[in-house]
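Below you'll find the structure, written out as structure tokens, and then a few comments.
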Amino acid sequence: MIRKILVANRGEIALRIVRACKDLGIKSVVAHSSVDRDTLAVELADEAVCIGSAPTDQSYLKAENIIMAACLTHCDAIHPGIGFLSESANFAKMVEDAGLIFIGPKSQTIALLGNKVAARKVAQEAGVPITPGGQEALADLDDARLTAQRLGYPIILKASAGGGGRGMRIVHREEEMASAFALARKEAGLFFGDSALHMERYIQNPRHVEVQVIGDGQGGVVHLGERDCSVQKNHQKLFEESPAFALDPAMRAAMGSSSVALFKALHYRGAGTVEFLVDGSSYYFMEVNARLQVEHPVSEMVSCVDLVRTQIEIAQGRRLPFIQEQIRLNGYALECRLNALGAGTITFLRLPSGPHVRIDTYLEAGSVISPYYDSLLAKIIVWAPERRDALTIMERALDEVLIEGIATNLDEQRLILKSKRFVSGKVTTNLYEEVIATRKRHG
Amino acid sequence: MIRKILVANRGEIALRIVRACKDLGIKSVVAHSSVDRDTLAVELADEAVCIGSAPTDQSYLKAENIIMAACLTHCDAIHPGIGFLSESANFAKMVEDAGLIFIGPKSQTIALLGNKVAARKVAQEAGVPITPGGQEALADLDDARLTAQRLGYPIILKASAGGGGRGMRIVHREEEMASAFALARKEAGLFFGDSALHMERYIQNPRHVEVQVIGDGQGGVVHLGERDCSVQKNHQKLFEESPAFALDPAMRAAMGSSSVALFKALHYRGAGTVEFLVDGSSYYFMEVNARLQVEHPVSEMVSCVDLVRTQIEIAQGRRLPFIQEQIRLNGYALECRLNALGAGTITFLRLPSGPHVRIDTYLEAGSVISPYYDSLLAKIIVWAPERRDALTIMERALDEVLIEGIATNLDEQRLILKSKRFVSGKVTTNLYEEVIATRKRHG
Amino acid sequence: MRTPDIPDIETLFTLFEHSSLTEFSLTASDLTVVMKRQGQGAGEAPSLPTETKPIAKAQPEANVEIITSPIVGTFYLTPAPDAPPYISVGSTVKRGDVLCTIEAMKLMNQLEAEYSCQIVKILAKPETMVEFGSPLFEVKRL
Amino acid sequence: MRTPDIPDIETLFTLFEHSSLTEFSLTASDLTVVMKRQGQGAGEAPSLPTETKPIAKAQPEANVEIITSPIVGTFYLTPAPDAPPYISVGSTVKRGDVLCTIEAMKLMNQLEAEYSCQIVKILAKPETMVEFGSPLFEVKRL
């Protein structure tokens, strides 16, 4: 039985978790940095504990302070939110060792999935197609050259222990291999303490499609359909939609069932996402995000399942309250991320409201946008029976936005939303560059 | 084909209609009084026309100015919203005569339903149970006395031509009949130009349940389930929910099908509501509201049908895009009306947001609440799979509300929401008095 | 309940002009005044009345008044297409004289002067739409 | 209920002008006045520190400083339940002397003085939780 949860995060996701706690009649404690004292999540939570100063390594990554805050405020569980410590197997282990419930997968599951080579192996065993590539860490440069010849260029070198671009190198020709291998190896060793690399065939301009899965760790696993997150700027997602438009029905079904098979194989507990690259009629496993994701609301809108609430219920030891056949995906949901382009104080704020519109934000007039953290200001999520209607409703919603005091990406987001590429649904990872760069070239 | 719509209303409902226009790619013109120039509906519409000064009879009831504004801005249609001219058969006729589309029923339908005696007759013919009472207008005081003896006291006298409490008298004993009859007759003559009265048996503390129906005037009629609107203060609704909690399934089914039968008999075009009084295991027809209603969002939330959008599509001559079997009512929606207790300027505003919450409002920081109009500030609507979860989510939402600068009914609404009576679902029209009056008596 | 005397619009302007305010609004039962300013106010600030409501019974000069439209309709200066205009700039009219026609609901509504005055300026464009409160004429009360 | 007399609009202006307010609004039964200002107020406006954080290392007096908690944990004045406290009010400590223990993650963390000082006040309650930045001691730097 969970009576009180410590929320180890900030911004809109901290508020999202506080709201889920209130909906479940559970008390919440927000652990915050000194500059986040006046944020909405802190105000609306039952309690708050300052865990350090503004820099993330002094507060939101300070595991000891977070765990002590949970213990001393008599919390039963810690929700790590998104980012920060949410995918740290070490942190999850520390939470478990402190006798607290970690709202997320078991620490071993996180550790396993954190190793990209191991994750690929498990995925392949569960029948999930993986990008052609070596299953094992590369022995040396010669091994790398031979493997690349077998796969065909371009290939991508990845740090086995890491993620997020570090230790990653795309190699287009054999001549580039030696220096790329050396550099990637060095980076991997530096950032992850493990210089092991593996190699995959590099997919150019794929679609980025991910399946939302949730498991109770007791045999129950259900997926809530997929999301298309192809529209990105420097690997940062800008728009997310569910279902993925014009995805081949057979591919959609296979993605869903193989993701469920993977989570069953993992005895996965909690919410997680299986990420795929889609290249024409093929799809390849990329990785598992062993946590909630920023874009979870689009899946909530089409499935009517509250993911954060379900995460908490599962963490209490409950079984999933539904089976796959009870999940009925309905209509079409689209999320637009509103990001700050700089720090500052919001002097006037108008966010859209009304039918079909959901806003997840921690902003209000007077909010201070700190330079220390993620630039996400608000998520605007709309629903409609059809994709084209959802696009129109999003346009209406974005037209209502009025933020004074800081610069935002609103104008760029509107350009993307109205672009032919986006409207046509032909979304791949190079859409942003094509739409915005073209626009800029032509003035 | 409708290209531009004149919105003949104000406040949140004007904004609701402007948003529906945007979603359909239709231009909107808001007709507003001089004090409403700076409201959000005016700002977000494509155009605006000032139709008069603040008092409603100088602007929002000024049919000629509204119709001229529509003609001169080249609108194809007028949406009357809720209240004001929305149930005026005369206004609908003037709109039709000006060659414009009235977004609502035909003027004859409105006229027919405006006569309460005629409406009861049509309802009875369509198989809708009506409260025991005279079908015809009462001839004189003797007729009234005889009818009352037959029905049994208490009875209610109603103005045949009117509604809304004018010309209405509850009579508990024969001794009260003479003066009540004289007074009701006088009021009816004064307010409706027609002193005809009819009599019905008076139901004490009933539930107020209404069925949302929409027809295309071409044979297509569908209902979207019922709403319980029993929680009222002086006949003003405070909370509305759909479905009506613990309603006998057979009664629910009969209400739905007889409401559809009534609308089919009327060849009804547009959205409308059939109001019923529920007394234990009986239910009685009260009247038809031949227009959109304030509480329409709760039906939208459970049916996923956009009522305002569908109103506009029907007005364009389209058939209903769904049949009854395609309507799938899902979960539970609850609306809370936030009302102003006085005029003033809003200096700070925080409205709830996040999952399962929809806000329909025209408010923002700086909004001036005028003493001339309805006190409705915002509608907070929540959805959940079950009633008890919806109540918890509403509690969370109301806890987030922060309005500075004017007094509101927020505290009273929270008391009602948390009252045992409301939580138990035993809602009848005396709930407000019981909860609030009891509270006040005990300090 | 006592309400304070509301000063002339001129006085309000002067007050606002010489203040450091960036916004001022006043609402009374039958009057609304809103004044805003961008950037800094005070003393020598260039007079930037960013929002002057067209309806306000403004009195830019002594005796000068604005006659506004009482209805929504189409504004005509002449009683018929080929007829001469009712008035022109400089005309002097008496109380009850017709100033213009506003067509609404297929009726030609003649707007009569409520007091004797001289036409200073015609503010609305003939044959176009006027809304309630649209300024039609600037006149000097006689 | 009595309402105060409302001053003239001019008086309101003067009041607002000489205040450090940036916004003012007044609502009466049939009157609403709103005044706003961007940035700082007029002439002698006192520079209002708009945000005074409760944790801030306030300096209420010369030489007086607040020592705050660097971690989240349980605050103890004694090294063990039956041991005497490290310090008490009036104690003088040197740089490096232990002031208190903060228990976190089953470790007893000893907080040492960063400079020589005299203890003026003990601000945290022993055996209770302290968060990052919680004031522990008021000291006078020596």
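In what follows, every chain begins at residue 1, and chains take the letters A, B, ... in the order their sequences are listed.
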Structural part of B/A48 lying under 4.5 Å from a heavy atom of chain C: backbone
Is it the case that atom NZ in B/K93 sees more than 12 heavy atoms from other parts of the structure closer than 6.0 Å? no
Across all chains, not counting sequence neighbours, the side chain to side chain donor-acceptor pair (under 3.5 Å) partners of B/N65 are none
Please report the interatomic distance CD(B/E47) to CE(C/M129), rounded to the nearest 0.5 Å. 8.0 Å
For chain C, find its close neighbours in residues 67-82 of chain B: heavy-atom separation under 4.5 Å, sorted by number, or none. B/I67, B/M68, B/A69, B/L72, B/T73
Roughly how far, to the nearest 0.5 Å, is CZ of C/F132 from CD of B/Q58? 7.5 Å
More than 12 heavy atoms of other residues, nucleotides or ligands under 6.0 Å from CD of B/E404: is that the case? yes
Measuring from B/D97:CG to C/M105:CE, what's the distance to the nearest 0.5 Å? 8.5 Å
Examine whether an atom of B/S53 lies under 4.5 Å from a heavy atom of chain C, and if so say whether it belongs to the side chain, the backbone or both; otherwise answer neither. both
Chain C-proximal positions within residues 9-31 of chain B [heavy-atom distance under 4.5 Å]: none
Can you list the residues of residues 70-101 of chain C that sit under 4.5 Å from chain B, counting heavy atoms only? C/P70, C/I71, C/V72, C/G73, C/T74
